[in-house]
Amino acid sequence: MNRYIKKIIHEVYEQRTDPLCAYIYDLEGIEQHVRNMVKTMPKQTNLFYAIKANPDKRIIQALLPYVKGFEVASIGELKKVRDVSKSIPILFGGPGKKDYELEMAMKENVFYIHVESLLELRKLIMLAKKRDKHMHILLRMNIRTKTLPKTNISMGGRPSQFGIDEQLMEEALSILKERENTHVHLKGFHFHSLSNNMQAALHVDMIHHYLQKVEQWKNAYGLTINVINAGGGFGVSYDATTRFDWPLFTSLLAQSEAVQNLGDTQLFFEPGRFIVADYGYYVAEVIDIKMSVECCFAVIRGGTHHNRLPASWGHNHPFAVLPLERWQYPFARPEVKQSKVTVVGELCTPRDQLHENAEVDSLRVGDVLIFEKSGAYCWTISHHDFLGHPHPNFYYIMEGNYYEANNYSIEQYNG
Ligand SMILES: *Cc1c(COP(=O)(O)O)cnc(C)c1O
């Protein structure tokens with residue numbers, strides 16, 4: 001945990017009377033982490049950040065000097081990145097791209113479009129010609145393999161709405177060769193087959209599999225390939241098990257003959273979760289503690305409308321208890337000791353649960369829970385306005401200091 005977190009909570013707590021509920025993003029931690037990540041990457045590789053994991057503009061800003069670019073999957077996300085930089089390379093992906101999205105992608109000079117279907121390819125060819133705009137693309141491929149690592153989310157190696165079935169590859173290539181196509185240029189392939197893989201060696205195996213596939217396609221169809229995008233999916237553990245070993249991953253890559261033989265072909269990675277997960281803290285005050293049918297519940301000011309990840313994945317989200325002393329009532333302060341506690345939110349649904357049967361030493365109403373690992377897919381995937389409770393406050397740690405700011409909503413970029 002960042003050493004300033006508790007100090008920040010104490011200071012914020014002193015300044016206010018309503019119960020605490022906040023996100024704290026450790027921007028300097030993110031910077032440090034991504035600098036370390038990039039340091040060990042082989043020279044044929046490039047790091048992008050998939051902003052859907054956390055599209056907070058200040059995070060994009062903090063990452064800007066260290067990443068090659070950003071992966072986006074909507075115009076809202078595209079504009080967010082362009083708000084921070086007019087020139088940083090953008091990869092534009094996503095199933096179901098609309099004409100206006102493809103046109104905006106052209107207007108905003110995206111680096112590569114990840115084309116996900118044959119229809120999308122035809123539309124892009126038509127629109128690029130109409131605008132007289134040359135576009136570089138990667139075909140997102142769904143490869144038919146049974147050997148991808150097993151994780152709790154997978155997007156490939158099985159029937160899926162993502163990418164182009166590898167059996168349709170020849171058709172895609174023939175569309176690209178049609179006389180109609182004057183402006184769309186195939187530069188490589190994109191794969192993003194899974195999320196939250198914990199095993200570095202398996203990840204390298206998967207990449208070898210991608211590289212082998214591309215080698216076969218190159219030979220079979222006489223293609224020149226500049227880029228292979230191997231996606232994201234590097235795992236973060238939310239329990240005591242070990243996390244993805246990035247130094248091991250990059251050292252295996254550096255030793256890999258297939259990677260060394262890439263020559264001028266660049267290998268891209270576009271993780272989201274692994275870059276930001278550890279640098280967000282969701283902080284919420286305990287409003288009530290009660291027993292119900294032999295079970296103890298702690299109700300917090302907040303819940304899954306701010307941090308839906310534990311409900312979405314069905315996991316128990318790790319947290320620490322920060323004892324706070326304020327108690328302004330003339331009656332006893334509820335407290336449990338050495339107890340199992342189920343942590344739930346302020347919503348009127350039993351699904352609003354962040355941790356079941358957590359062991360706590362001591363917990364009182366008015367203490368604060370600090371949910372760690374809340375930097376990725378927490379705020380951004382949550383139904384913020386369900387039940388109409390106020391949003392959390394947002395604080396940002398930078399250069400040993402912190403400041404409060406509005407969290408930009410994505411709506412303002414689509415509006
Ligand atoms: C979501 C997504 C990512 C990032 O995935 P993580 O599991 O957060 O690393 C990368 N690429 C694509 C195409 C995605 O959809």
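Order of appearance sets the numbers: ligands from 1, and atoms from 1 within every ligand.
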Residue-ligand contact G231/ligand 1, heavy atom below 4.0 Å: no

Which of the ligand 1 atoms, numbered from 1, are nearer than 4.0 Å to a heavy atom of E71: 12 (C), 13 (C)

H190 heavy atom under 4.0 Å from ligand 1: yes

Sub-3.5 Å N/O-N/O distance, R140 and ligand 1: no

Nitrogen or oxygen atoms of G272 and ligand 1 under 3.5 Å apart: yes

Cationic N near anionic O, under 4.0 Å, E101 to K123: no

Trace of the side chain to side chain donor-acceptor pair (under 3.5 Å) decision for E71 with H192: CA-CA 12 Å; E71 190 266 351; H192 174 71; over 6 Å; no

Test of proximity, K52 against ligand 1: N or O pairs below 3.5 Å: yes

Heteroatom distance test (R273, ligand 1): nitrogen or oxygen, under 3.5 angstrom: yes

Whether F162 lies under 4.0 Å from ligand 1, heavy atom: no

Proximal atoms of ligand 1 relative to A50 (non-hydrogen, under 4.0 Å): 3 (C), 4 (C), 10 (C)

Residue part near ligand 1, for H192, under 4.0 Å between non-hydrogen atoms: side chain

For Y377, atoms of ligand 1 separated by under 4.0 Å from a heavy atom: 1 (C), 4 (C), 5 (O), 6 (P), 8 (O)

